[in-house]
Structures are given as structure tokens and as C-alpha cells.
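These notes are about the structure you will find just below.
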Amino acid sequence: MTQPYRLSAGGRIDRARTLTFSFDGKRYTGHPGDTLASALLANGVHLVGRSFKYHRPRGILTAGGEEPNALVGVGRDDAHFTPNLRATQVELYDGLTSESQNRAPSLERDYGAINDVFWRFFPAGFYYKTFMWPRKAWTKFFEPRIREMAGLGRSPQTPDAARYAQRFAHCDVLVVGAGPAGLAAALAAAKTGARVILCDEQSEAGGSLLAEPDAQIDGLPAAEWLKTALAQLAAYPQVKLLTRTTAFGYFPHNMIGLAQALTDHEGERSDAQPRGRLWQVRAKRVVIAAGAIERPLVFPDNDRPGIMLAEAARIYLERYGVLPGRRALIFTAHDGAYRTALALHRAGCAIAGIVDLRPNAGGPWVAAAQKAGLAIYPASTIATTDGRLRITGATIKPIAGGSGQRVSCDTLLMSGGFTPSVHLFSQSRGKLVFDATLDAFLPGAPAEACSVAGSAAGVPSLAEVLASGAEAGAAAAGGSAVSYQVTNAPVAQGGFIGAVPYHGDPGSVRAFLDYQNDVTAKDIALAMREGMKSVEHVKRFTTNGMATDQGKLSNMNALGIMSPVLGKPVPAIGTTTFRMPYTPVPFGYFAGYARGELFEPERRTAIHSWAEAQGAVFEDVSLWKRARYFPRGSEDMHKAVARECRAVRNGVGIFDASTLGKIEVVGPDAAEFLNRMYINAWTKLQPGKLRYGILLREDGFVIDDGVIGRITDTRFHVTTTTGGAARVLTMMEDYLQTEFPELNVWLTSTTEQYAVIAVQGPMARKVVAPLITGADISAEALPHMSMVECKIAGVPARLFRVSFTGELGFEINVPADYGRAVWEALMASGKPYDITPYGTETMHVLRAEKGYIIVGQETDGTVTPDDVGYAGMIGKAKPDFVGKRALARKAFAEQTNRKQLVGLLTDDPTLVLDEGAHIVADPAQPKPMTMLGHITSSYWSETLGRSVALALLRDGRARTGEQLYVPLATGNARVSVVAPVFYDPEGTRLNG
Amino acid sequence: MLLIPCPYCGNRPEIEFAYGGEAHVVRAADPRKEDDAAWTEFLYFRKNPRGDHAERWRHAFGCGRFFNVKRNTYTDHIEASYRIGETLP
Ligand SMILES: [Zn+2]
């Protein structure tokens, strides 16, 4: 027999169609309109999970997003698999494949349940206490075991096959929650013409009206009124209703994050359509109509499968036509559970009794139950429950004491009253105010432009809920509220917080208040014995309300337990902070389009395609792709770099330097501006000349460098490091706009306007000269560190005579669109000289042989110009430049023993030191050793036939000639300290 | 995400801006006249209030301008935004 607990009529499901699904490999059936939870219950399946810590069997507790137990993994394969979904929110579709979590090998026989036998050894704070020592045991033993035993679902191992969309939206009024309050708010706001977004996490709008068979609104049955309300909203063109859309976070300045599920309910979806959409909505006003969450009662063994919240059971009955069992015991402190009992009774479910904590509950619901002849146990409690994988009975006791009475049941439905869902309001930093009548925190003064309506604001009856929604919506949009006539909806009252009196040995019972984190009443008491007085400390010590619960079910009961022990009223204890997300949101929603190629832009130079065609190996330098080396045949990097180095030193090489940052500095005060920014003097630099510039931060440390050319009196071509281009421009703009606004200067980034081709080597001029028109580039006419504007291969160029290799060299700046054509012209012109393209690796080796620094490699943000031997470049006559005053401070001026740039030569010429390795005087000294500095650059120098290294070394220049040691994994390398120039120290080759 | 009023462009979302630290940290016109203590204060010491804070922002992905904002660091409410050179309202 299929779906034995499904009623033959009633609810919002489509019995004409049958859907097949599987749970832990077993096949079941359900209907469109079902959730996975309602379909499982229809099949009599309550056992759906094992608890986090003790691996106790757990059943479906709720009918909504607050579900702590029924966490499942859903998906047809690993690429479409989502763990930790709440079965109460998973819409059923044909072929749905789902599995339970946190059990091995099966839900019924779970080895982890041994934790439950030894539960006394796993109290709150267990993790903190047990795993402090020894540290190695943590990573080797405890952590892997805990990861296996605890934890929730499994992570998929393949990339998510789904796509996700993102959207920004603006509206006048965002209404969160499409229950009666939210609908009334949206209707009132829409009437004024306001742009309204109404969102609801469920598949249908309506909230509590979806399970409301009795009430009448404006003379219509609630379900009919809902239809007309939705039709009215749909008729407004400026109103957007988003279902399956959770408002998960409230961010500053009224920005709300919405997660809209698009295709999850459609089954085995095509990946062409996005699975979900992240909305970032900026709303002028927000109306939070998020409803209220029913509280569990905290009594011994209140976690057996079959135990459920009373209102949830009523929802399964009214909305899905499902009975939670055949014989229900009710345990309550709230009238709502009487309503559940009556509805179940009508539907043919036996009621084993209504156990009410309250001594003299009255009112219409109680009277109706009495009239129906249901057994009521006032002023009573439940002392314990029995049953292993499903509840089989419970023991009822008067609170006053006396003998217990066991009654059998297959489901126990409980209600501790309702907690207003103030999560979003609290996220918005609105103040919460405790209401002692309701035993609830209610929204107080808002911090953002928002208001709270309906049961989220603690409003009890349907009539008042509609009124408060209409009022909030009207106020948000500047309109007037309409009133609603509600009949046949008596108010339900009551509630309880804390642990119920149960007359047991408090040390030997487990009464759960946070099901998801396996926190018991005893744990809260222990936390307080351990000295945790603040609710935030108790939360962390016990994990109560952590993770996805965020206090939804557990918060008020924890406070109810703490209050008498601390002797403080609940408001004096305060409440924990509710954090976003309200319910979990898959990471894909946040990643959105930013995956794969779209994750980060990739920057390519004009010559990239040529290098790619040559088989260049690329490396990432900031966002740029740079050719690292150009292997020929079967060359590895070492061989290719050695060949490229020989070519530059002996013939000619060609290098793509287009990624260098470039800033055009223009204006009458351009030279003065550079005087104030860079350490060097610029006033006397003649047009047509180049100078190597060093830029400091205001604290005196080197932040960037680059060659700067003076094009005219009022125009400079500034180059920066590849990675520093944006940073330098921002820094220049900062000073220009905020410190030196009197200077008449314009800054323009020209990094991408120019392709830059370096031609380097003794044969460089022979390659370049034949292509040049409009300039003489002979050694006499264009000496080292000068520039000329001319044409190369017919293309206008800024031709720099400059070298980062130590050889005769040119850097040719041409409009980027012509970069590849000029490059190819140079390759053709260089053919007779065997011109050799080289990459960044060779560039690094060649510059290191010359001791040219790379900012970010020889410098680390704590290096001054003097540290790298560049003090001589400082413009001494200048009154000021960025960093000058900092360097003049006594702390700097009198400091000795600073790390300075030196060269290091290993005793073993074949040994290439590790970059980053430390330098010590005596490798035999006891640890920790005194470290004198570290290696910043280290290469095999093909030119010198040996290794070379640059290092920052304490008092380095004074140590020239000393022998020091570099401890390596392979042993201690002895090194000699030398000047940081290994090749052509006189610079004669530069001037060739 | 903050909604930041650029004095030149109007309200724009925070992702268009770069934070620029505390405002009104004046760099002396002639740093040579500042003693070491004053310069150290200028370099390294910043307020970190819980409450109103005058701070710089740059409309980096917009007009590119630096400007000042008075923001409450606790509520994130922005009470004023004004141009460089103008005084805190
Ligand atoms: Zn702007």
C-alpha cells in the first residue's frame, strides 16, 4: 500500500498525478504540491536523520525553514548534488533522488550511535577541553575522526554543473513574507502606485492561509480571499511577486539579499537555465512580515522520530492531506495545539490526550476540545518518552508530582508557543524589546527604514495580523490602510520558555533544545556552572543556536533555562545576535556569473597571440598573461632561459614589456608634481631625457619604481611596475586631489594605449635603426637614458634608449593596435642577427646579473632607498617629497644594522640558493638562530657560468667579503658577501 | 552594501568606491617644520571611533574623485558627504 498516511481528500496537492522519488535508495510516491517531508510522512517515514553529535535517530520536526533534523542531500548525480537541504523545503518532483546524512552504514543501523551510549563523555565544551593537547593528535587523530563522525552532509566532489544568475533591483517597498500580513502590506503599498517587491520562501504565496480551512476574510474563505488578493497584486504592473525567494540577509542602507530558487522544483533540469538567482534589492522601505516560529518544549527524550511541532502537524494535515500518525499525544502550553488536536480528531486520528503545562487553560480552543471529548491533562508534564526509531509512548505526570501514567502513541505533537521571527530585523541592527506577556523579543526601534508587521511583531489574531500588515504597507508607501473583516478565527494564546518540569534526575536525562547541534538543557546548566554568564558565551560553549539554527528554535528556551539560574529576567540576559543567512544559501548564488573565465579578467598584450603561436609558456603577473620563456624543440625552462640569456648578451633579444604601467603626467606643474612624488629631482631633466624614478610611501619605504621620460617641458611619460600601475595612479590622484590641489596637472593611465617592445643586446641598434624614420638613433645622437619621438616601420613611436639587461637597448612604445605589426617588423629586421624572443624569466636573470632590483622582490614594504643602495638618487635640494620627512626622523636616521641589498656567491658555483632562505653567521648556533637576512633573488647565471643571488642582509654593505651561511634543506651553504652587481659593473656595455 | 553619496555623481553602491581612511589628516605644508612626534602622529595614528567618523572615499569606478563622508561606524548611517577642502558639516 502506498502513502498509507495520505488522506483521500483535502490539501493543496494534485492527487491526479503521482510522482516517484527515492530516499536512501527506497522508492516512494507523492504528488505535485508535496515537499519531500510531506511525501515521506505520507509514506509513514519519520526517521530521516541522525543527530550531529550523538547520532540519535531523528524525525521531521517542522514544516518549514527552521527544520533542524530532516537535512538531506538531493541530486541526481554529484554535479547536481546539494547537501544539507531541509526536506521541509524541498519540493517534490518526479524522479527526485535524496539521501539521509550523518549515518553509516544506514539510518537504522548507525555505528556513530555509539556516541549516544557514551554521551556522558561528550558534554558541552567537550571539543575545547579534550582536544587542547597534544597538538599533533589534533590533526592526526581527533580531527579526522570528528570530521567522519560529526559534520552534516557530504560535499559534492565535482564542480557544480548548475548556472546561477544575479540581479540588482530597486523598489519603493520590499515586503518580506507573503502571508496575510505581507499580502495586506503589499496591497496597501501597491494601491499608491509604489513599486513593490513581495517575496516569500515558499512555492506559493499565502503563508498561514495555505493551511487555513476555517477563517473567513471579507466574507470569503481564506483560500478564496488569497486567490483574489494575488489576482489584485498581479494586476499592478509595478508589483513583482517572487516565490521560492528567501530574504536571507539585511545589509546596510536597506539592501536586502534575496535568494530565488528557479529550477530546483522542476526536477532533472537542463543546465542551460539558471538554477537560482541572487537579488540585491535596494528598497526605500522594507516591511518585514516574516511570521513566527513555533517553539519545541524541552522535556526528556523530546527528540524521538514521531515527535513534531503541533502547528507543523496541522500544516501537513491541512495543506498536504497527511496524518502524522494514527494515535497522537499532544503536549502543549499554547492553544494552537488544541486546534491541531481537533483537526486531527476530525480527520480520523486518535488523540491519546492533551497534556497542558498550564493549570487552567481556557478559551474557545480548549472549550472545543472539551466538547469533542478529548482527554485533557491540565497542569501536567511529560516525564519521558519511549521508542527507538519511532516514539511508542510517553509518561504523563502532574506537575505537582505523583505517579506517572504511560500512554501509547505513534506521534507526539508539541507546542511551546511562537517566537516572532525577528531575524531580519535584528540583522538590520534594529533594537529588540522583550515582551513579558508574550515571553518574546519583539522589534523595537528600527535602525533602517523598515517596519515589522504581523506575527513577526507578536500580533496574535488573524484580524490584527491583516490590520498590522495593511497599516505597515500603507505607511511605507504613504497611503491609507483598508480594513479587513475576519470571522471564525479565534485567537490562540499561551506559551512557555525554558525546560519543562519533568521530575527526573537532571543528570540522567536529555531534553534537547537545539536539535541540530545536540544541545540539551543539561548543557546550558553546565555552561553556567563553568562560569559562562553571558548568553553569547553560553552560545559558544554549548554551540546552542549556532550554524543554521541561528536561534530559530532554541534561543528562547535557552534564555528560559538561564533566567532562573542566573536570577535575572530574560531581558537582562539579552539575546544573541542573529546572523545572516536566515537559511543556508548555496555558494553558487554568490559566485553567480563569476566562474571559470569570468572569475577574473585576463589581460593580454598586443603581442600575446604571436607569443602563443610560438609556443611560449605564460605566467600570471597580476592579471596579465606574460610570456615566461619560449622553448624550442624539447627544451625545458632551464635550457630555454640559458639560450635566451646568451642571445641577449652576445647578439640581440626581443621582449614584450607592454605590461609595464604607464601614466601620462601633463600640465604646467607636471615637473613640480613629480618632484613632490618621486625621490629624484625632475626640474633639470631636459626634454628628450630619461631618469629612473623611485617612489616611496609617506612612511619612507619604496613602493614603486620605473623609468620616466620627459617628452616636453609639460609632459612626462611615467612607467610603473606591472603590478603597481593602478596603485601608483591612485596614489598620485590622492596627492593631486587632496594635498596639492594647487598644482595644474592631469594624470592619464596609458598602460593599454602602448605596446612596449624591448630590443636588447649588442646588435640591438642594427635591428632597430633600419626601421626608423625621423630620428637619428646613433650612440652620439641618442645616448643611454634618452628618448626620441619618431616613426618605426611607419608607426609613430616613443623610442626610449634604456636597458633593463645591462646591454645596449631600446624600449619602443607604439600604439597598441600596431604592436604586433612592429614586433613582426623587428623580427624580420633582426633575422640576420638571429634575434631571439625572450620571456620574463630571462629578463629576471639578466637584471639580477646587473643588480637591478624588482620592487616586491628586493623590497617588501620595509625597504628604504638607502637599503637598496639608491640613496644617491634622492634630490637633495628638494624641500619635500613623499617619504622625505619620514626618512629624516631620528628613528630612521640613527638606526644602524638595517638590512641592505648585497650580492651573494655560493662556494659551490652550481648551487642555486632558495629564494626566501635565511642567512646566518654560524649554522651551529643553538636554535632559534639569529637571522641576518634573506635571499631575495637567486638564479643560474648562464653569462657567468655560476649561480648568483641578491639578498637583504643586516649591515650588509659593511659585510662585503664576509663568509656567511644559508641553511637549506640540503645542508648549510657557505656564501661570500659581494657587491650586488655581478656583470659589467662599469656599465660599458650599456653605452655601446 | 552601503549607498554612498558621491558629491559629484549622487548615490552609488559601495562596490564603485574605494575606502580612503580617516579624513582631515592634514599633511603639513612644510613637513620640515614638523617635529618627529608630530610626523609620527601624522603617519601612524588614526581614530577608531564607535560612532561618527569623518572618512575619505574615492569614487574609483565612477568620477575618480576623492571626497569626504561622515559615517556612523556603528549604524553605518551616512550623515553627510562633502568635497575635499570643505569642512565637516
Ligand atoms: Zn563620483
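In what follows, chains are A, B, ... by sequence order, proteins preceding strands, each numbered from 1.
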CG (B/Asp35) with more than 12 external heavy atoms under 6.0 Å: yes
Considering all heavy atoms of both residues, which atom of B/Asp76 and which atom of A/Arg429 are nearest to each other, and what is their separation? OD2-NH2, 2.7 Å
Greatest number of non-hydrogen atom pairs under 4.5 angstrom with chain B, of A/Glu733, A/Lys890, A/Arg282, falls to A/Arg282
Please check: side-chain N/O of A/His253 versus main-chain N/O of B/Pro13, any donor-acceptor pairing under 3.5 Å? no
Which region of A/Thr730, side chain (C-beta onward) or backbone (N, CA, C, O), has a non-hydrogen atom less than 4.5 Å from a non-hydrogen atom of chain B, or is it both or neither? both
Side-chain touch A/Glu739/B/Val26, heavy atoms, less than 4.5 angstrom: no
With a 4.5 Å limit on heavy-atom distance, are the side chains of B/Leu2 and A/Phe251 in contact? no
Less than 4.0 Å between a side-chain N and a carboxylate O, is that true for B/Asp36 and A/Arg885? yes
Rounded to the nearest 0.5 Å, what's the gap from CH2 on B/Trp39 to CG on A/Asp699? Could you check? 11.5 Å
Can you tell me if A/Gln280 uses its side chain to pair, donor with acceptor, with the backbone of B/Met1 under 3.5 Å? no
Any salt bridge linking A/Glu698 with B/Arg27? Criterion: basic side-chain nitrogen under 4.0 Å from a carboxylate oxygen. yes
Run the numbers on A/Asp880 and B/Arg32 for side-chain contact (heavy atoms from CB on, under 4.5 Å), then give the verdict. CA-CA 8 Å; A/Asp880 186 18; B/Arg32 290 172 301 182; over 6 Å; no
Chain B shares the most heavy-atom pairs under 4.5 Å, among A/Pro879, A/Ala447, A/Ala891, with A/Pro879
Counting only non-hydrogen atoms closer than 4.5 Å, does B/Arg65 touch chain A with its backbone (N, CA, C, O), its side chain (CB onward), both, or neither? both
Contact class of A/Asp734 relative to chain B, heavy atoms under 4.5 angstrom: both
How about B/Lys33: does its NZ atom have over 12 heavy atoms from other parts shown lying under 6.0 Å from it? no
Neighbour count >12 (heavy atoms, 6.0 Å) for atom CZ, B/Phe61: no
Which atoms of A/Phe881 come close to chain B, meaning under 4.5 Å heavy atom to heavy atom: side chain ones, backbone ones, both, or neither? backbone
Of the backbone (N, CA, C, O) and the side chain (C-beta and beyond), which part of B/Phe42 lies under 4.5 Å from a heavy atom of chain A, both, or neither? side chain
OH/B/Tyr44: more than 12 non-hydrogen atoms of other groups inside 6.0 Å: yes
Portion of B/Leu3 that has a non-hydrogen atom of chain A nearer than 4.5 angstrom: both
Show the numbers, then the answer: is there a side-chain contact (heavy atoms from CB on, under 4.5 Å) between A/Thr738 and B/Arg56? CA-CA 10 Å; A/Thr738 69; B/Arg56 302 168 353 126; 3.6 Å; yes
